[in-house]
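A quick write-up on the structure given underneath.
For clarity, every value in this text was computed on a predicted model and none was experimentally measured.
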Amino acid sequence: MDTEHTGVESQALDAYSRVVTGVATSLLPSVAALTVRTSRGQGAGSAVTFTDDGFLLTNAHVVAGATGGTADFADGTETRFDVVGADPLSDLAVVRVLNPGAPAAPLGNADDLKIGQLVVAVGNPMGLAGSVTAGVVSGLGRSLPARDGRRVRIIDNVIQTDAALNPGNSGGALADSTGTVVGINTAVAGYGLGLAVPINVTTRSIIGDLVANGRVRRAWLGVAGVPAPLPPALAERLGQKLGLRVVEVVPGSPAGNAGIYLGDIIISAGGQPATTVQALQRLMLGPAIGADLPMTLLRKNALVDVVTIPAEMN
């Protein structure tokens, strides 16, 4: 019986090892170690090649204050890179190497991840190029604050993993068992916990803006809200328990011009339930600028429809 049990464990371990080694084999050629120099000194991190013509994805904080640096690949290739664009509010940046040649890693969709799913982190922690660690998704739906000057934004749906991460892993790949990149490692949250910015519809739009324009255009409503419960009868009718109670409206803002007032409860925006601040944030990207955004409000127990036109955030 013991022999049979040991055999089953060995088979499971072998299967696990095959997955991890397979991911490492496919991704290591696509991951670079970045070295940057700024007025504050020298920094390091990782980056993931995602196009065949030399565009790499990394963290904004890895290249903060730099216009370029050096990228080292697992095959010994060393090349200069330029910073194409960085977005501190998502902690994502795009750089481009001068001598492309690394294979592009496939980008997936973190929205499909499940708690307990195997993930593999590939990066360059502590200056150790081509390091691979494995673990599981230990949390989903986490939030991580990001700051750009006085502006603060919440990065939502951050991936939490117990795959070992260390300084230098930032900007590296977090991949699923097929070798598809589902996140960009961004922070060490504590002993045994790491966080990664997810690859999903929202971040793909941000990446596209960085490649095309070198920056991310964001829309602005000029309204602040906090989650608030809807009246029970309305909540049952809508199938939605929460809305956003308006606690601030900037005079002359798109929200103010549309007739949104303090105390209103935002129920939906653009046809999507507005149950969290992040739900509104997800709508505030480039395509929303100058476009009609219908919103439904609860005002003194009556439903009110307004149309806002988000402006570009300066």
Side-chain angles (χ1 to χ4, degrees), residues 87-90 92 109-111 140-148 150-158 197-209 213 215-314:
D87 179 44
L89 294 180
S90 64
L92 290 174
N109 184 9
D111 293 346
L140 291 169
R142 302 290 191 259
S143 296
L144 182 69
R147 182 180 294 274
D148 182 15
R150 297 177 60 186
R151 293 186 295 169
V152 177
R153 183 180 184 272
I154 300 298
I155 305 174
D156 58 349
N157 293 324
V158 169
V197 177
I199 301 296
N200 54 26
V201 172
T202 301
T203 51
R204 281 176 179 271
S205 176
I206 290 170
I207 294 165
D209 268 359
N213 307 310
R215 67 186 185 94
V216 176
R217 299 178 68 216
R218 281 195 167 82
W220 176 69
L221 278 177
V223 63
V226 295
L230 299 180
L234 181 61
E236 184 175 357
R237 178 156 64 92
L238 297 178
Q240 177 181 332
K241 295 181 179 180
L242 297 176
L244 286 177
R245 183 180 300 279
V246 176
V247 296
E248 181 181 3
V249 180
V250 177
S253 67
N257 293 337
I260 297 177
Y261 302 112
L262 290 177
D264 287 348
I265 296 179
I266 303 172
I267 293 176
S268 67
Q272 301 297 315
T275 56
T276 64
V277 174
Q278 293 94 314
L280 277 183
Q281 283 185 349
R282 282 193 289 269
L283 300 175
M284 294 295 104
L285 292 174
I289 298 170
D292 288 353
L293 180 69
M295 302 178 72
T296 299
L297 317 171
L298 179 64
R299 178 182 298 160
K300 296 180 179 179
N301 294 318
L303 293 180
V304 177
D305 291 324
V306 299
V307 176
T308 60
I309 303 177
E312 183 168 2
M313 180 186 291
N314 296 321

For residues Ala219 and Ala288, report the shortest heavy-atom separation together with the two atoms involved.
-> CB-CB, 4.0 Å
Find the distance between CG (Leu293) and OG1 (Thr308) and round it off to the nearest 0.5 Å.
-> 4.0 Å
Salt bridge (Lys or Arg N to Asp or Glu O under 4.0 Å) pairs, two or more places apart, involving residues 272-281 = none
For residues 302-314, the salt bridge (Lys or Arg N to Asp or Glu O under 4.0 Å) pairs (sequence neighbours left out) are Arg215-Glu312, Arg217-Glu312
Separation between OG (Ser90) and CD (Gln281), nearest 0.5 Å, reads 11.5 Å
Heavy-atom closest pair, residues Val158 and Pro198 = CA-CD, 4.1 Å
Please name all residues satisfying side chain to side chain donor-acceptor pair (under 3.5 Å) with Asn200, sequence neighbours left out, ordered by chain then number.
-> Thr203
For Ala291, check side-chain contact (heavy atoms from CB on, under 4.5 Å) against everything at least two apart and list the hits.
-> none
Considering all heavy atoms of both residues, which atom of Asn257 and which atom of Gly252 are nearest to each other, and what is their separation?
-> ND2-O, 3.4 Å
Between the CD1 atom in Ile260 and the CD1 atom in Ile266, the distance rounded to the nearest 0.5 Å is 5.0 Å
Contact summary for Ala279 and Pro273, nearest pair of heavy atoms | CB-O, 3.8 Å
Side chain of Ser268, backbone of Gly271: donor and acceptor closer than 3.5 Å?
-> no
Got a sec, which pairs hit salt bridge (Lys or Arg N to Asp or Glu O under 4.0 Å) with one end in residues 263-273, sequence neighbours left out?
-> Asp264-Arg299
Reported OG1-to-CD1 distance for the pair Thr296 and Ile265, which is rounded to 0.5 angstrom = 13.0 Å
Please tabulate, one pair per line, all N/O donor-acceptor pairs under 3.5 Å involving side-chain atoms of residues 233-246, not counting sequence neighbours.
from	atom 1	to	atom 2	distance (Å)
Gln240	NE2	Leu242	O	2.7
Gln240	NE2	Ile267	O	3.0

Beyond-backbone contact of Arg218 with Asp87, side-chain heavy atoms, under 4.5 angstrom = yes
Leu221 versus Pro310, closest heavy-atom pair with distance | CD2-CG, 4.0 Å
Side chains of Pro254 and Ile309 in contact at under 4.5 Å (non-hydrogen atoms) | no
